Amino acid sequence: MPGLEDLYREIILDHYRNPRNRGELPTPPAHRFEGFNPLCGDEILVYVDLEDGVVSDVRIGGQGCSISQSSASMMSAAVKGKTVAEVRDLTTAFKGMMSIHETQLEGTDEEGEPPPDSGSDIALGDLEALRGVVKFPVRIKCATLSWNTLAQGLDELAADEST
Amino acid sequence: MAMTRDRALDTTRLRQDFPILGREVNGHRLVYLDSAGSAQKPRQVLDAMDDFYRRSYANVHRGAYTLANEASEALESAREKVAHFIGAGSPNEVIFTKNATEAMNLVVNSWGRANLRDGDVVVLTVLEHHANIVPWQILADQIEIELRWVPLDHQGHLDLTALDELVDGAKVVSFSAMSNVLGTLTPVRRIADAARAAGAMVMVDACQFVPHNPTDVAELGADFIAFSAHKMCGPTGIGALWGREAMLDAMPPFLGGGSMISDVRLDGFTPAPLPHKFEAGTPPIAEAVGFGAAVDYLSALGMDSVRRHEVELTSYALRTLTERFGDQIAISGPSEPAERGGVFSLAYRDLHPHDISQVLDERAVCIRAGHHCAKPLMRYMGVGATARASVYVYNDESDIDALSEGLEAAGEFFAF
């Protein structure tokens, strides 16, 4: 049975207590993306400034639990300075880590080897701390809320630009 | 915690009826505090359903063989028990539905479509569960009804100062008898009387009320009430709509199919008489048997005792939690136990409900974290979610103590 320390790693609690890039950016020029977790009522606001396809600045608003807030905080630190393409790759890698694997859920794989289909060589850094979340299936949506919000927002922007 | 004073319910003995309460989770005794979400089931209900499946199961109202007769009798006997439990004039007034949500959708779709026109007013309250909001909003897409909202006062009571103006000219007043978030018991009779005086139909979401209070539909004064079996020790998959017989009779069917007809021709159909007019398809037969057994179980405890027990436990919870945590805890809803049920939405320090619930789960304390299907109320309260503990017949002071200790532990774990 996974314990609380599997979920609430110290680095997660640190990001929860001291969230990075908390706040707003003026829109425009920034883009504002909004996401909800209908399960728990959490909502997240992601503000991004894009310059030549690079995330030049990012801010996080909204409310949520320690997992959604720390994941958003870590995401904000991870995507700043990255190109939109790099952000997409990072999102794919992160969501790969968050996908449920039976063996991990049954606790047979204590350390939680990277799922075989994460298949990328992208370094997740601090984000690795969120790996334990997959052992708590109902919390996965908390961890992925900010990432889905950002990815969906970027997709909509791209769709707008191509029309 | 041993107590020898006269208690409303002997929880120590009663807990033996609930097999799941013997389970350990994470090495701890299970402390189940989510009965407002769904109640646990006593062996009397489990056995009744099991026995029915093993001995008497067949489809109902179809065959002439012994099993079919026994199954039909079991279904109708359950209906009689439920009717008796709520003081219905006739079993024909009890329609079995999938749950309370479907019961309310039935009324909105059948009565609503037949009786509402563009410009008609429907009065709801801001503390409603989504089940008494969204069906009306769906209907509002097709018929331009105006939704009016009864506000709340600072303690989570309905603010009825403008009730007469709100119901003036209304065609429907539909509201909850007890909030699933705040625990607030609403003055059903007073609102129903005002609504009926204004000529409005009255529907009551009694999902949290019927399991916890003696219920007499004549006293409530509504036209329809909806409730679910699973919140009153019965199975999932079955609920009930009670309605005044004359009104149900006048309403068009909701779902069409088998069982709900007297005759079907190529050019149309004739609906069956009540209650089957509203029960299309094979009904939840074993679930009805379980519903009946749950009603028997609660009746044997005595609903007056059930209510008294919950007032005792509510007093204990409000007192001990406030004593222990002072202004670090905020418990929503009325502070007077007599004005509320045993549902406690907590804000504890600045911890998120999910995080509280996670720490409590490690101690096998089950509470609900989320918006409780009442997002308009959450917005009204200015929160995204609450941590909600709720009690029922099998809970006692030791469960509240476990909650209290779990909150303390959560506070320490997330201490800044």
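Source: prediction; values computed, not measured. Convention: sequence-line order gives letters A, B, ...; per-chain numbering from 1.
- Put simply, OH on A:Tyr16 and CZ on B:Phe414 are 6.5 Å apart, with the number rounded to the nearest 0.5 Å.
- Sparse packing is recorded around CZ of B:Arg23, with 12 or fewer heavy atoms of other residues, nucleotides or ligands lying under 6.0 Å away.
- Annotation: A:Gln152, atom CD; neighbour count of heavy atoms from other residues, nucleotides and ligands within 6.0 Å does not exceed 12.
- Residue contact with chain A, scored on non-hydrogen atoms closer than 4.5 Å, involves the backbone of B:Val383 exclusively.
- Within 6.0 Å of CG in B:Asp327 there are 12 or fewer heavy atoms belonging to other residues, nucleotides or ligands.
- Annotation for A:Arg9: atom CZ does not count as buried by contact number, only 12 or fewer foreign heavy atoms lying within 6.0 Å.
- At a threshold of 4.5 Å between non-hydrogen side-chain atoms, the residues B:Gln358 and A:Leu4 count as touching.
- The shortest heavy-atom contact between A:Ser66 and B:Asp355 is OG-OD1, 2.5 Å.
- B:Phe413 and A:Leu13 get closest at one heavy-atom pair: CE2-CD1, 4.2 Å.
- Within the structure, ring pair (Phe, Tyr, Trp, His ring centres under 6.0 Å) pairs that include any residue of residues 65-97 of chain A comprise A:Phe94-A:Trp147 (at least two apart or interchain).
- Between the side chains of B:His354 and A:Asp42, no donor-acceptor pair is found at a separation under 3.5 Å.
- Taking a 6.0 Å sphere around CD of A:Glu5, one finds it holds more than 12 heavy atoms contributed by other residues, nucleotides or ligands.
- With a threshold of 4.5 angstrom between heavy atoms, A:Glu43 does not approach chain B through any atom at all.
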